[in-house]
*Asks:* 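First the structure, which I've put down as structure tokens, then a few questions once you've had a look.
Just so you know, ligand 1 is whichever comes first in the structure, and atom 1 is the first atom listed for that ligand. Residues: numbered from 1 along the sequence shown. These numbers were taken from a predicted model, which means no experiment stands behind them.
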Amino acid sequence: MKNHPNIIFMVADNLGREAVDYYGEGIFETPRLNTMASEGVVFNNCLIATPLCSPARCAWNTGRHPYRVGINSQTRPDDPESGLSLQEVSIARLLHNAGYTTGLFGKWNLGYAATFNPLHHGFHEFYGSNAGHADYYTHLYNRDMKSHFFRGLEPIADEGYFDTLFTDEAIKFINRQSQEPDPFYLNLAFYAPHGPYQAPPGYYHSDDPLINYQYMVEYLDLCVGRVLDAVHHAGIAENTLIVFLSDQGGSRTNGYGRTLWERSLRVICNAVWPGKIAPNTKTNTPWVHYDLYATFAALAGAPVPDDRVIDAQNAWPLFEGKEQPLDRTLHWTYRTEAAIREGNLKLHATNGKPDGLFDLSTDPEEQRDLRATAPEKVEKMMAEHHVWKQACEAQQTSKA
Ligand SMILES: [Ca+2]
């Protein structure tokens, strides 16, 4: 019996909450995700650090706010320094050092140069791409029309639909590692349903991108189901935490776009672990997806680094359904926008000017601006955000 659990962390790219029925709408056929949700915990208030692929990945990989790390936009292939610095201690590095076998299958998006390859960030295995927006079949990045597809450090040209290839490799990893004495960490980072909107294998390609998007969501559900089945067949379910997350909510179909409003920040997240997480558990406590870093580390018995600011907190009590009051200030930056949250109060600003204060306990959709009733509070929160930004800027190790 292993001392620490296997951890499987599956991430969808730009899958809005409307896609699945456990957040109310369920406009697509996602039976495997829906069942997974009912068998474990659904987080109603999992928030993202920034509504963008590279910073989002930076957050859960480092346990640090992407603004503190310096990944504030998408990494770029034309700049050899654009990527996640090796000074950062990734979750893969942390778990690797704690005795885990670590694998990343799918989207990395934290640097194109060989320096930033996931193998240099603590992953034993990498099969995937550094590209942000890649063609699912040709694997070419839409900006430079080049392939950034690797097995480990080697460029490869395997044929097939990206998520099929990644799921196949992830399942091989599960089958292999379930025979080994050491626990494993598997990060399966799907490209779907991020654009381009291309019908997956077995689906008729439509001229309507929204129909292809639907197929991509449904195919993603099949891939998730294949992983769940592999865990079951390997007989490791009771020693395996499986987390499903969307890196952001914004997609062309839901109209939410990339903003710092709650409808963009709250994302799909649910998890299963038979015997540890009760079926039909729900939590409403706000937390941020970078908290997975500290949560995974705690489950692995690995202390988080103490020589730097780690924003992540261990969210395990929420996995067990225990609600906790929000006892830290949360900050967001995105382009010209900023947001600050203290308890249920959330302040928005654009270009450094406050433009909305909301009480999320009574106004979760941020409709009733309270700025006029609390000018001192607005000023104090703005000042606090300014101090936070300056502190982050003094610490940045990386750039994007
Ligand atoms: Ca994304």
*Asks:* Are more than 12 heavy atoms from other residues, nucleotides or ligands located less than 6.0 Å from atom CZ of R143?
*Replies:* no
*Asks:* Can you list, pair by pair, the side-chain donor-acceptor contacts under 3.5 Å of residues 375-392, counting residues two or more places apart and other chains?
*Replies:*
unit_1 : atom_1 : unit_2 : atom_2 : d
K377   : NZ     : E342   : OE1    : 2.7
E384   : OE2    : T329   : OG1    : 3.3
H385   : ND1    : H331   : ND1    : 2.9

*Asks:* Can you confirm whether or not the ring centre of F162 sits under 6.0 Å from the ring centre of H139?
*Replies:* yes
*Asks:* Rounded at 0.5 Å granularity, tell me how far CD1 in I48 sits from OH in Y290.
*Replies:*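 Going from CD1 on I48 over to OH on Y290, the span is 11.5 Å.
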*Asks:* Within less than 3.0 Å, report the number of protein N/O/S atoms around the Ca ion (ligand 1).
*Replies:*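 Protein N, O or S neighbours of the Ca ion (ligand 1) under 3.0 Å, waters not counted, come to 6.
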*Asks:* For residues 158-169, which residue pairs pass the side chain to side chain donor-acceptor pair (under 3.5 Å) check, not counting sequence neighbours?
*Replies:* Y127-D158, R151-E169, T164-Y219, D168-R226, E169-K172
*Asks:* Name all residues meeting the ring pair (Phe, Tyr, Trp, His ring centres under 6.0 Å) criterion together with F358; count only those two or more places apart in sequence or in a different chain, and write none if there are none.
*Replies:* W261, H348
